[in-house]
Structure formats: C-alpha cells, structure tokens
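The figures here come from the full heavy-atom set of this structure, side chains too, leaving out hydrogens, waters and symmetry mates. Since we're looking at a predicted model, the values are computed, not measured.
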Amino acid sequence: MSDSQLWDDVDDYFNSQLAPDDEALRAALRENDAAGLPHIAVTAAQGKFLQLLAQVQGARHILEIGTLGGYSTIWLARALPEDGRLVSLECNAKHAEVATRNIARAGLDRIAEVRVGPALESLPKLADENPAPFDLVFVDADKASNPHYVEWALRLTRTGSLIVVDNVVRGGQVADAGSTDPDIVGTRAAIELIATHPRLSGTAIQTVGSKGYDGFALARVLD
C-alpha cells in the first residue's frame, strides 16, 4: 500500500468517527464540484479542527480570508453563538456565489457573509467599519500575500485571538530557502513574521492525509 493510500484510509476512518458529514456539508461539496471549483477545500477532519479551535476560543467573531465554496465557512460558522458574526473574503465572484448558496442552504446566512473582491482591498474597507475584534482569523487565500494577511489579522484582532494559516508546508517546499516560487516566498515570510513579531507566539504543525503533505501555522496574539 502506498503512503498516499494509507493517508486516505486513515483520513476516511477519522472522518467517519470524529467528523461525520451531514446533508449541508455533502451538498456544499456537490455544489462545488458541479461549479467546477478546484478540489482544495479543507478536509472534514480539518474543518472539525477549525471548529474546535473556534469553540475553544469562545469565538463570537471570525474572519476568514479565502472562502472558495464555503465548506470551511460552514464548519467555522457552526462554532458561533446565535449572535455571532463571520466575515469571509473571496476574490473570485463565481466562488463567492457558490459559497453564498452553500452557506444559505446550511442555514448560516444570518451570521456568515461573503464579501467579493481581492482581500487586500477588502481588508482596509473592513477595518474602516471599526468592527468588533475578531477572535479567530483563518487565512487560506493566495499564499504570496500571506505576510500581508497576517499583518491585517493583527490589526483586526485582540489580545488572545488566534490566527491560523493554512497550507504552510507546501509538500515540504517551505524548507527551501532558495525558492523563488511566490507561494513559498510568501509562506516563509509569514512564518518569519510570526517568529519575530513581539505580539505573536506561534507554531506550525505538519499534516498528511487526503490533501497530501501540508500543514497549519497557528499564532496567538499577545499583549
């Protein structure tokens, strides 16, 4: 058995036991496939991981940078109280349209909204609204902009907030200091920002599974 098949089998087992899907989640994935969205959404186990992080945080306000079809948005929004708020930023209008339908079908459109446009344009506009600090920020957009997203997350959070950056391992390429790939350069810059910023304490976790070899970086906002 290949490593990738073993990873898939283990993911299937964990998903069935710890992160079982339901009709809203299945429908979101079907809608994403029908619309031709890339197969880059978080796995069920990763979605449950994000949901648990939000619940541990006692999150009332969540910011997601990168919506795709809203699969991760559903997991995160389900962690919020009735009066909670989730803002998700998506640059692709087609993806945002699919995500908005998926979120509404899941009954979460009362607390979760998708804003369309490049995140680096949407973030200043969001900041101008002077929103309540976000308790959790999930960054899963273009990797070249990761350091900018982390900087914006710092501006829009509070002491104790959690910032999660997805896809930081890049199949191990993140260790290549000489890489000129914008995704690797941006990811390394985000990791180095977390490592050196006086208001951040962070770590990174490598993962394997049906999405291959990758991982998350997590950073807590300090005083």
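- The CG atom of Leu63 sits 5.5 Å away from the CG atom of Leu89 when rounded to the nearest 0.5 Å.
- Within the 3.5 Å criterion, the main-chain N or O of Trp75 finds a donor-acceptor partner in the side chain of Gln51.
- The ring pair (Phe, Tyr, Trp, His ring centres under 6.0 Å) contacts involving residues 7-38 comprise nothing, where partners must be two or more places apart or lie in separate chains.
- Distance alone, capped at 3.5 Å, is enough to place a donor-acceptor pair between the Ser161 side chain and the Phe134 backbone.
- Smallest separation of non-hydrogen atoms from Ala77 and Ala112: CB-CB, 4.3 Å.
- Between the side chain of Asp11 and the backbone N or O of Gly209, no donor-acceptor pair lies under 3.5 Å.
- The structure places CG of Leu200 at 6.5 Å from CD1 of Ile194, a figure rounded to the nearest 0.5 Å.
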Requested in this report: Start with the C-alpha gap between Leu86 and Thr73, add the side-chain angles, then the distance that decides, and say whether side chain to side chain contact (heavy atoms under 4.5 Å, CB included) holds.
Outcome: CA-CA 8 Å; Leu86 187 152; Thr73 317; 3.5 Å; yes
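- Looking only at distances, no side-chain donor or acceptor of Arg158 sits under 3.5 Å from a matching main-chain atom of Asp135.
- Sorted by first then second residue, the salt bridge (Lys or Arg N to Asp or Glu O under 4.0 Å) pairs that include residues 85-101, not counting sequence neighbours, are Glu31-Arg101, Arg85-Glu113, Arg85-Glu129, Glu97-Arg101.
- Transitive grouping of hydrophobic side chains (ILVMFWY, heavy atoms separated by less than 4.5 Å) keeps Val114 and Ile65 in distinct clusters.
- In terms of heavy-atom proximity, Ala35 sits nearest to Val98 at CB-CG2, 3.7 Å.
- Residue pairs satisfying the ring pair (Phe, Tyr, Trp, His ring centres under 6.0 Å) criterion with at least one member in residues 35-55, sequence neighbours excluded, are listed as follows: Phe49-Phe216.
- Side-chain contact between Thr67 and His95 is absent, with no heavy atoms from C-beta onward closer than 4.5 Å.
- For the residue pair Ala79 and Gln55, the shortest heavy atom distance occurs at CB-CG, 3.7 Å.
- Using a 4.5 Å heavy-atom cutoff, the side chains of Ser179 and Val174 are not in contact.
- To the nearest 0.5 Å, the span separating OG1 on Thr196 from CD1 on Ile191 amounts to 11.0 Å.
- Residue Gly70 comes nearest to Ala99 through the heavy atom pair N-CB, 3.7 Å, listed as atom of the first residue, atom of the second, then distance.
- Between atom CG of residue Leu76 and atom CD1 of residue Ile111 there is a gap of 10.5 Å, rounded to the nearest 0.5 Å.
- A side-chain contact (heavy atoms from CB on, under 4.5 Å) with Leu136 is found for one member of Ile163, Leu53, Val56 and no other, namely Leu53.
- For the pair Ile62/Phe138, no side-chain contact is recorded, criterion being any heavy-atom separation below 4.5 Å from C-beta on.
- Under the 4.5 Å side-chain heavy-atom criterion for Ile, Leu, Val, Met, Phe, Trp and Tyr, Leu193 and Val139 are members of the same hydrophobic cluster.
- Within the structure, salt bridge (Lys or Arg N to Asp or Glu O under 4.0 Å) contacts touching residues 56-68 (residues at least two apart or in different chains) are Arg60-Asp83.
- The main-chain N or O of Arg170 is found under 3.5 Å from a side-chain atom of Asp214 such that the two form a donor-acceptor pair.
- Looking at Glu23 and Arg30, their side chains come closer than 4.5 Å, going by heavy atoms from C-beta outward.
- Linking Ile, Leu, Val, Met, Phe, Trp and Tyr whenever their side-chain heavy atoms come within less than 4.5 Å leaves Leu37 and Val116 in two separate clusters.
- For the pair Ser210 and Thr43, the tightest heavy-atom approach, listed with the atom from each and the gap, is OG-CG2, 3.3 Å.
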Would you tabulate the side-chain donor-acceptor contacts of residues 150-157 under 3.5 Å, counting partners in other chains and residues two or more places apart, or write 'none'?
from   : atom 1 : to     : atom 2 : distance (Å)
Thr157 : OG1    : Ala153 : O      : 2.7
Thr157 : OG1    : Leu154 : O      : 3.3

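- Contacts classified as ring pair (Phe, Tyr, Trp, His ring centres under 6.0 Å) and involving residues 171-211 (residues at least two apart or in different chains) are not found.
- With hydrogens and angles ignored, the 3.5 Å screen pairs no side-chain donor or acceptor of Ser145 with any backbone N or O of His148.
- Between the CG atom of Asp166 and the OG atom of Ser72 there is a distance of 8.5 Å, given to the nearest 0.5 Å.
- Considering OG1 of Thr100 and CG of Asp109, their distance stands at 9.0 Å, rounded to 0.5 Å.
- Arg115 has no carboxylate O lying under 4.0 Å from a charged side-chain N of Glu121, or vice versa, which leaves the two without a salt bridge.
- The shortest non-hydrogen separation linking Ala119 to Pro124 is O-CD, 4.4 Å.
- None of Asn167, Asp183, Thr187 except one satisfies the side chain to side chain donor-acceptor pair (under 3.5 Å) rule with Lys143; the exception is Asn167.
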Requested in this report: List the steps and the verdict of side chain to side chain contact (heavy atoms under 4.5 Å, CB included) for Asn102 and Asn32.
Outcome: CA-CA 9 Å; Asn102 287 334; Asn32 293 356; 3.1 Å; yes
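- In the hydrophobic clustering of ILVMFWY residues, with side-chain heavy atoms under 4.5 Å counting as a link, Ile103 and Leu29 come out together.
- Placement of Val164 and Val137 in two distinct hydrophobic clusters is found when ILVMFWY residues are connected by side-chain heavy-atom separations under 4.5 Å, directly or transitively.
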